[in-house]
Amino acid sequence: MEKTFNPSEIEQSLYQSWEEQGYFSPTGEGDGYSIAIPPPNVTGSLHMGHAFQQTIMDTLIRYQRMQGKNTLWQTGMDHAGIATQMVVERKIAAEEDKTRHDYGREAFIDKVWEWKDESGGTIGKQMRRLGNSIDWSRERFTMDDGMSEAVQEVFVRLFEDDLIYRGKRLVNWDPKFHTAISDLEVENKDKKGHMWYLRYPLADGVKTAEGKDYLVVATTRPETVLGDTGVAVNPKDDRYKNLIGKHILLPLVNRLIPIVGDDHADMTKGSGCVKITPAHDFNDNEVGKRHDLPLINILDKNAAILASAEVYKNNGEPSTAYSTELPSEFAGLDRFVARKAIVAKFDELGLLVEVKDHDLVAPYGDRSGVIIEPLLTDQWYVRTAPLVGPAVAAVETGQIEFVPKQYENMYNAWMRDLQDWCISRQLWWGHRIPAWYDENGGVYVGRTEAEVRAKYTLSADIVLKQDDDVLDTWFSSALWTFSTLGWPSNVEDLKKFHSTDVLVTGFDIIFFWVARMIMMTMHFIKDENGQPQVPFKKVYVTGLIRDENGDKMSKSKGNVVDPLDMIDGIALDELLEKRTGNMMQPKLAAKITKLTKKEYPAGIEAHGTDALRFTLTSVASTGRDITWDMKRLDGYRNFCNKLWNASRYVLMNTEEQDCGKIVNGQQGEMEFSLADRWILGQFQQTVKTVHESFEAFRFDLASQALYEFTWNQFCDWYLELTKPVLFKGSEAQQRGTRHTLVTVLESLLRLMHPIMPFITETIWQRVVPLSNFVADDKGNESASIMVQRFPQFDESQCDQTAIDDLEWVKQFIVAIRNIRGEMDISPSKELPVLLKNVNANDQRRLDENQQFLSALAKLDSITVLADNDDAPLSATAVVGDLSVLIPMAGLIDKEAELARLTKAIDKLEIDAQRTRGKLSNEKFVGKAPEAVINKEKAKLADAESALAKLAEQMVQISAL
RNA sequence: GGGCGAUUAGCUCAGUUGGGAGAGCACCGCCCUUACAAGGCGGGGGUCACUGGUUCAAGCCCAGUAUCGCCCA
């Protein structure tokens, strides 16, 4: 073996061989265990968040596979409507100076597929490098044929069940992409703006209570006055309540609009009068509905002012309530240009009262970055009310559990206020809506045009045109768990693997995806008793991985990290190129360059996949975001190296030696040391902790237990304790220790494998032939570690006496090392040691472990003093009742020893003081449980006995 | 404004029925000891954000305050 672990040499070929052997596919034996990957967006590449979640998923899958389950990790990608279309549009603009309209719909979609084929591979490559044990043969894409069939089927059935309808409603309109987007794709941001106070003349000579012939309305969007169809005042507002039912003559358009009483008008804010524009504001839209105000649309798809308005009734039908005429001077002006023009006009007319600075919240499209415009359009909706009930109940009854629990509140809160879901998008890339229109606007829904004609008995001469719009990407994603398993055409796998066992995802996606998956799945998938099936039983919600400053990682900030750069390393200049090349906003490049140089002055070193995965599981405590810490990754790379070298030591001492392997039913005689018996027990405790931690999704605790055992027990103590045996022990003792070495290492590798697949496989292949582990039922020892059984807790291997004895041995050794360290005695200097107050148990332990003590504490002699023997002047430590003395002559300076003793005494005294205080408190002694009191008493006795011994030494030494 | 979360060593974080404050990294000292210097041995370091309450006992439970973050309106 190489002296240093080199991950790059092993990882890729191992993965390839696993994949070729078909180890990632379900075995067909055992209970089903499945996880559906949250499909990454096809436009992207994986970032640290993906690596984090996928490491957790793979750890679970590998663990369950080794537990004998029939595991399926289902993967795939999401077609990401807007994002993908945007990328390809930008590409053809840059490369060919063309728009999608130059291509036409079909040719453009071909172009997108072409792009998908070349770009979609990036993610697959990354996933493989992460070691993910995914069944690639079942990889799915939300736009592939099977998924499309499922989408169509769901749409048609929902329509038939009256759960889908079409309507003219106010939507979040993205004026850049010309499509509706959902509430969830809107980011509300704080912004500095203005509040304009406008004078609205009262009609018919009416006056306010104060005798004025106008009202003042306050608005942040003066350009929408052209669409006003009312003014609201609060019905309790004495200033204006007598005006309810009267009218305003709206400036600029001379439109007579009613004054209505509505609680929406807040008496304490602004003037207390609110202009109502039902076609351009969500709140106003609600007010309009309550008072049956018509809707006047004044904006086109670019959010520019129309030449003539569109007037609608509340049910979406055209209305003749108002003229469609608009002032020609504003026609075609963009909304923000129009705003200035309209304010100027009000000013000119003497109707602008004042302008104040105002903090407001503006909605931005999360993809386009432009301000979203509420716009009246025809869209398709899913009626959510009937779907919510079962979806909420599933969480209430525990059929679905969130980990951590607090996310259930978030889910419930969102479900409670759920609006109907707008599912149509005015894009080309996506599932086209299976609805056809005749020339009179009649709508027919069906799987195909032929089906529609048959179903509605439409004669061949009726011209039908399919809806141009496509479905929201999340509509197809909502079907993910069951459509990937073959629904609707094939339900065999559904029986085996659905419901999936756990969904691992970020909290930011609970609404987008998790809630919608639950609703859709429960509506369409029923178990054998006709009960709705949930898509997954557990939802493990991960926090975000933030950069080292605690900032969210994002492309625009340039702080995104490619997990492969952590694995393979990357030079600074390459990293800079990656972060600043091909940027949408080149002006940010300088800032990103600066930040990157500060964060990674020398680029990133290679760490390997196992170290990355171990880091990710180590930080996976539940319910909080993670601040990425490069030092942790460095530390766990060192850990890999430690494991590597420990294994190297084991192999150097066991390969081509008799390790007690059973051959032809014969096994050499073995004698086990205390250390052998101890390490087996320690290992079992680790096995137990790892199981418990995995079951509780506490990957951090599992990692910690593995780290602690491997480094602090196995390497620091056990390997050192094997040296005296291997160098000096009898044949049977050597065989016993070699046997224990290979047994523990072999099992430890299996225990670690779910988290660190590569290094464990590599070492295991070398170790397993030395052990008595039977690799599979067929006796095939060359099979992979990944298909072996996971270690199970075996209490019979926990020998409490061995554990106690070895703890004593450790304390003895540490006591001497402490004196050495504090007194600057060279570690190579062999020391004589004298012992006082040796009780029977100490004597037994001494007799049994002399070899260990001498070797690890570097002693040249151990002498037990009789009670009446005078000890020479010595440095002293206390182990239980035992005093350990190291003669000072020629080694130790008097002052130094006095200082050391003082320090030790002070420390003990503080503890003793506190314990004495407790025990002298009557209330404590009266009320605390006996066990606690006894523990305190024992603690005090120990401290006092140690104190007495040290104090005695103080006296002796200072007397000199 | 409503809800949720966080606040523990210099940094990043554990601390699960309330009962001796922990880890990794960083720091200090010694050591290239034949598995590992990506290492070994030893050591220092915390008013557990603050205030009050419950309790014999509070990092942990309760109430409130502050600061930071997230979600919703």
Side-chain angles (χ1 to χ4, degrees), chain A residues 1-5 183 188 282-283 361 404-410 412-414 416-417 507-508 510-511 543-544 546 548 550-552 605 607 611 615 618-653 692 696 698 700-701 703-704 707-708 711-712 715-716 719-720 722-723 727 741 813-829 855-858 900 903 911 914-915 917-919 921-929 931-933 935-936 938-940 942-943:
Chain A
M1 277 173 99
E2 295 293 324
K3 204 169 163 181
T4 305
F5 173 53
D183 291 351
N188 292 304
F282 287 99
N283 288 320
V361 180
K405 207 96 186 151
Q406 72 245 24
Y407 287 105
E408 290 181 5
N409 294 332
M410 193 166 145
N412 287 329
W414 191 70
R416 237 191 336 266
D417 299 330
F507 73 93
D508 51 333
I510 289 179
F511 308 137
L544 255 43
R546 297 170 172 278
E548 307 214 21
D551 292 329
K552 200 166 157 175
E605 277 183 60
H607 293 82
T615 306
S618 295
V619 297
S621 64
T622 52
R624 69 189 280 167
D625 286 353
I626 290 150
T627 306
W628 179 253
D629 183 0
M630 208 61 199
K631 300 280 175 52
R632 293 287 290 262
L633 183 61
D634 291 342
Y636 294 123
R637 181 191 52 175
N638 295 353
F639 177 62
C640 288
N641 193 50
K642 188 78 179 174
L643 174 65
W644 183 259
N645 275 289
S647 304
R648 200 159 77 93
Y649 168 80
V650 172
L651 290 170
M652 278 167 52
N653 286 287
E692 287 167 356
R698 287 301 303 266
D700 56 333
L701 298 182
S703 306
Q704 200 193 357
Y707 186 99
E708 217 282 328
W711 201 310
N712 303 123
C715 292
D716 284 352
L719 295 189
E720 295 306 318
T722 61
K723 288 175 185 173
F727 299 158
L741 276 169
I813 293 164
V814 168
I816 289 162
R817 284 176 178 172
N818 175 280
I819 292 172
R820 242 186 230 283
E822 298 273 291
M823 295 295 124
D824 283 352
I825 299 171
S826 156
S828 55
K829 169 86 184 164
L856 271 72
K858 268 256 167 177
R900 196 186 67 85
K903 200 170 79 180
D911 272 358
R914 197 169 36 205
T915 316
K918 269 189 178 180
L919 286 167
N921 181 345
E922 282 172 35
K923 288 176 179 170
F924 173 73
V925 180
K927 296 200 176 178
V932 174
I933 296 171
K935 213 166 148 189
E936 293 294 318
K939 201 166 83 183
L940 183 59
D942 286 351

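What you see below is based on every heavy atom in this structure, not just the backbone, and it leaves out hydrogens, waters and symmetry mates. Order of the sequence lines fixes the chain letters, A, B, ..., with proteins taken first and strands second; residue numbering starts at 1 for each chain.
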For A/Lys829 and A/Arg820, the nearest pair of non-hydrogen atoms, with its separation, is O-NH1, 2.7 Å

Checklist entry - If you measure from the P atom in B/rG20 to the same atom in B/rG5, how many Å do you get, rounded? => result 27 Å

Original post:
Just checking A/Tyr407: base, sugar-phosphate only, or nothing, at a heavy-atom cut-off of under 4.0 Å?
Top reply: nothing

task: Identify whether any heavy atom of A/Phe639 sits under 4.0 Å from a base atom; if not, whether one sits that close to sugar-phosphate; answer base, sugar-phosphate or nothing.
output: nothing

Value for CD1 (A/Ile626) from CH2 (A/Trp628), rounded to nearest 0.5 Å, stands at 9.0 Å

Could you work out the separation of B/rC50 and B/rC60 based on their P atoms and round it to a whole Å? 10 Å

- Query: Taking the C1' atom of each, how far is B/rU16 from B/rG52, in whole Å?
  - Reply: 27 Å

*asked:* side-chain hydrogen bond (donor to acceptor under 3.5 Å, both in side chains) for A/Ser703 and A/Tyr636? Distances and angles first, verdict last.
replied: CA-CA 10 Å; A/Ser703 306; A/Tyr636 294 123; over 6 Å; no

**Asked** For A/Met410, which contact category applies under a 4.0 Å heavy-atom criterion: base, sugar-phosphate, or nothing?
**Response** nothing

Review point. Considering only the C1' atoms, how many Å lie between B/rA49 and B/rA66, rounded to the nearest integer?
Key: 8 Å

Practice prompt. Tell me what A/Lys3 touches on the nucleic acid: a base, only sugar-phosphate, or nothing, going by heavy atoms under 4.0 Å.
Written response: sugar-phosphate

Report task. Pick base, sugar-phosphate or nothing for A/Lys829, based on heavy-atom distances below 4.0 Å to the nucleic acid. Result -> nothing

Closest heavy-atom pair, A/Lys858 versus A/Ser828, reported as atoms and distance to 0.1 Å, is CD-O, 4.0 Å

Between B/rU65 and B/rC4 - P atom distance, rounded Å: 14 Å

In this structure, CG of A/Asn645 is separated from CG of A/Asn638 (nearest 0.5 Å) by 11.0 Å

Scanning all shown strands, the Watson-Crick or wobble mate of B/rG45 with both distances under 3.5 Å is none

Closest heavy-atom pair, A/Asp625 versus A/Phe507, reported as atoms and distance to 0.1 Å, is OD1-CE2, 4.4 Å

The answer to which of A/Ser826 and A/Arg914 contacts RNA chain B further toward the 5' end, by nearest nucleotide, is A/Arg914

Heavy-atom closest pair (A/Leu719 atom, A/Ala646 atom, distance to 0.1 Å) is CD1-CB, 3.7 Å

Taking any heavy-atom pair under 4.0 Å as a contact, classify A/Ser828: base, sugar-phosphate, or nothing. nothing

Note: chain A reaches RNA chain B at heavy-atom distances under 4.0 Å over the stretch, first to last nt, 5' to 3', of B/rG5 to B/rC70

Re B/rG10: Watson-Crick or G-U wobble partner, both distances kept under 3.5 Å, found to be B/rC25

Regarding A/Asp911, tell me which of base, sugar-phosphate or nothing describes its non-hydrogen contacts under 4.0 Å with the strands shown.
nothing

Could you measure between the two P atoms, the one in B/rA37 and the one in B/rG19, and give it in whole Å? 42 Å

Tell me what A/Leu701 touches on the nucleic acid: a base, only sugar-phosphate, or nothing, going by heavy atoms under 4.0 Å.
-> base

Heavy-atom closest pair (A/Val925 atom, A/Leu919 atom, distance to 0.1 Å) is CG2-O, 3.1 Å

For B/rC68, the nucleotide meeting Watson-Crick or G-U wobble distances (both under 3.5 Å) is B/rG5

ask   = Taking the C1' atom of each, how far is B/rC71 from B/rG15, in whole Å?
value = 28 Å

Judged by nearest nucleotide, the residue sitting upstream toward the 5' end of RNA chain B, A/Lys552 or A/Lys723, is A/Lys723

Under a 3.5 Å limit on both distances, the Watson-Crick or wobble mate of B/rU16 is none

In Watson-Crick or G-U wobble terms, with both distances under 3.5 Å, the base opposite B/rA63 is B/rU51

Practice item. Answer with base, sugar-phosphate or nothing: what part of the nucleic acid does A/Thr915 contact at a heavy-atom distance below 4.0 Å? Key: nothing

* Would you indicate what A/Lys927 reaches in the nucleic acid, counting non-hydrogen atoms under 4.0 angstrom: base, sugar-phosphate, or nothing? => base

Applying a 4.0 Å non-hydrogen cut-off, can you work out what A/Arg637 is touching in the nucleic acid: base, sugar-phosphate, or nothing? base

If the P atom of B/rG1 is compared with that of B/rC13, how far apart are they to the nearest Å? 29 Å

Practice task
Answer yes when A/Arg698 and A/Glu692 have at least one side-chain N-carboxylate O distance shorter than 4.0 Å, and no when they do not.
Solution key: no

**Message:** Please classify the nucleic acid contact of A/Glu408 as base, sugar-phosphate, or nothing, using heavy-atom distances under 4.0 Å.
**Reply:** nothing

Pairing partner of B/rC32, by Watson-Crick or G-U wobble and under 3.5 Å for both distances, is none

Regarding A/Arg632, tell me which of base, sugar-phosphate or nothing describes its non-hydrogen contacts under 4.0 Å with the strands shown. base

Would you indicate what A/Cys715 reaches in the nucleic acid, counting non-hydrogen atoms under 4.0 angstrom: base, sugar-phosphate, or nothing? base

